[in-house]
Enquirer: 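First, the structure itself, so that you have it in front of you.
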Amino acid sequence: MSSCCGSVSLLVLLGVVFAAGSPARYVSENMRQTHESIAAVLSLKQPEIITNPLFSSVIRSLNTSCQGREELKLMNVTLDIYMRIFSSILHHQHKTGTPALLDQVPDSERSKVKEDLKVIRGKMEALKRHLNHPSHDREDVISKLNMIKVDDPLVQKKALAEFKEVYQAASVVAGRRC
């Protein structure tokens, strides 16, 4: 085999290895499309939604090392917050005096958004089942997470805007074998 063919083969092999090991595989194309559909209808890419993300401290605290139990608990608390947010959105449990999030969606698109929300909630529930509930010492982040006002439509929009990143982080944590 010529050195050129060997080099090309090596590059292709490295590409396959990097692609297979890439964390991006955890967020499927179907999940991305579902999220984009919701993002378009709910205007999740507006500056007031994407600035000051709710879960950035969680994602930042997860590093590439294998911390196992600490990361699992942190992700479980984060996923619990998302489950409460999904429940609030889907059951119109708002207490802020402002219209519920789904009330802000045109009637013609509401059932599609609701179904899409149920799809991503179901995927999150399946992911959560893969995580166990160990303890860790990141109580400051956990207390901040528990203070998130899940019934506030602005908070709900911010959480939905960050969904893919949180889902990705949780998938990486769930997929680690330490």
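FYI, side chains are in, hydrogens and waters are out, and symmetry mates aren't considered; it's all heavy atoms of this structure.
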Enquirer: Measure the NZ-CD1 distance between Lys157 and Ile38 for me, rounded to the nearest 0.5 Å.
Expert: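 Going from NZ on Lys157 over to CD1 on Ile38, the span is 13.0 Å.
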Enquirer: Apply side-chain contact (heavy atoms from CB on, under 4.5 Å) to Leu102 and Lys114, showing your working.
Expert: CA-CA 8 Å; Leu102 286 178; Lys114 202 170 191 176; 4.1 Å; yes
Enquirer: How close do Pro153 and Pro99 get, heavy atom to heavy atom, and via which atoms?
Expert: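 Heavy atoms only, the tightest pair is CG-O, 3.4 Å.
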Enquirer: Quick check on the hydrophobic clustering: are Ile85 and Val119 connected, directly or via other members, by side-chain heavy-atom contacts under 4.5 Å?
Expert: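 No, Ile85 and Val119 fall in different hydrophobic clusters.
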Enquirer: Is there a donor-acceptor contact under 3.5 Å linking the side chains of Asp116 and Thr34?
Expert: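 Looking only at side-chain atoms, Thr34 and Asp116 do not form any donor-acceptor pair under 3.5 Å.
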Enquirer: Does this structure show an ion pair linking Lys118 with Glu115, if we count only N-O contacts that are shorter than 4.0 Å?
Expert: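 Yes, charged N to carboxylate O under 4.0 Å.
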Enquirer: From Leu101 CG over to Leu154 CG, what is the distance, rounded to the nearest 0.5 angstrom?
Expert: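 Rounded to the nearest 0.5 Å, the CG-CG separation comes out at 10.0 Å.
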Enquirer: Between Arg110 and Asp103, what is the shortest heavy-atom contact and its length?
Expert: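 Taking Arg110 first and Asp103 second, the nearest heavy atoms are NH2-O, 3.7 Å.
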Enquirer: Carefully, step by step, assess Leu160 and Ile49 under the rule side-chain contact (heavy atoms from CB on, under 4.5 Å).
Expert: CA-CA 9 Å; Leu160 290 173; Ile49 303 301; over 6 Å; no
Enquirer: Going by an N to O cut-off under 4.0 Å, is there a salt bridge joining Lys164 and Glu36?
Expert: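 A salt bridge is present here (some side-chain N lies under 4.0 Å from a carboxylate O).
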Enquirer: Could you state the interatomic distance from CG (Leu117) to CD (Gln156), rounded to the nearest 0.5 Å?
Expert: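 Those atoms lie 9.5 Å apart.
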Enquirer: Which heavy atom in Ala39 sits nearest to a heavy atom in Lys45, and how many Å separate them?
Expert: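 Smallest heavy-atom distance, with atoms named: CB-CE, 4.4 Å.
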Enquirer: Rounded to the nearest 0.5 Å, how far apart are NZ of Lys128 and CE of Met75?
Expert: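 Between Lys128 NZ and Met75 CE, I get 10.0 Å after rounding to 0.5 Å.
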Enquirer: State whether the side chain of Ser43 and the backbone N or O of Gln46 hold a donor-acceptor pair below 3.5 Å, judged by distance alone.
Expert: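 A pair under 3.5 Å: no.
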Enquirer: Can you check side-chain contact (heavy atoms from CB on, under 4.5 Å) on Leu54 and Ile81, steps first, answer last?
Expert: CA-CA 11 Å; Leu54 299 171; Ile81 298 299; over 6 Å; no
Enquirer: Please determine if Arg84 and Asp151 form a salt bridge, counting it only when a charged side-chain N lies under 4.0 Å from a carboxylate O.
Expert: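 Result for this pair is no, no salt bridge flagged.
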Enquirer: Please work out whether the ring planes of His35 and Phe163 are parallel, tilted or perpendicular, with thresholds of 30° and 60°.
Expert: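 His35 and Phe163: parallel rings.
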Enquirer: Output yes when a side-chain donor or acceptor of Ser37 lies under 3.5 Å from a complementary backbone atom of Gln33, and no otherwise.
Expert: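 Checking the backbone N and O of Gln33 against the side chain of Ser37, no donor-acceptor pair under 3.5 Å is found.
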Enquirer: What distance separates Phe55 CZ from Ile148 CD1, expressed to the nearest 0.5 Å?
Expert: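 Reported to 0.5 Å precision, the distance equals 4.0 Å.
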Enquirer: Kindly indicate, with the supporting measurements, whether the criterion side-chain contact (heavy atoms from CB on, under 4.5 Å) is fulfilled by Tyr82 and Tyr167.
Expert: CA-CA 10 Å; Tyr82 265 98; Tyr167 188 87; over 6 Å; no
Enquirer: Under the 3.5 angstrom rule, does the side chain of Gln104 hit a backbone N or O of Leu42 as a donor-acceptor pair?
Expert: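 Not at all, since once roles are kept as given, no pair shorter than 3.5 Å links the two residues.
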Enquirer: Please confirm whether the backbone N or O of Asn52 pairs with a side-chain atom of Lys158, one donor and one acceptor, at under 3.5 Å?
Expert: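 Judged by distance alone, yes, a pair lies under 3.5 Å.
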Enquirer: Atom CD1 in Ile50, atom CG in Leu44: separation rounded to 0.5 Å?
Expert: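 Interatomic distance, Ile50 CD1 to Leu44 CG, rounded to 0.5 Å: 10.0 Å.
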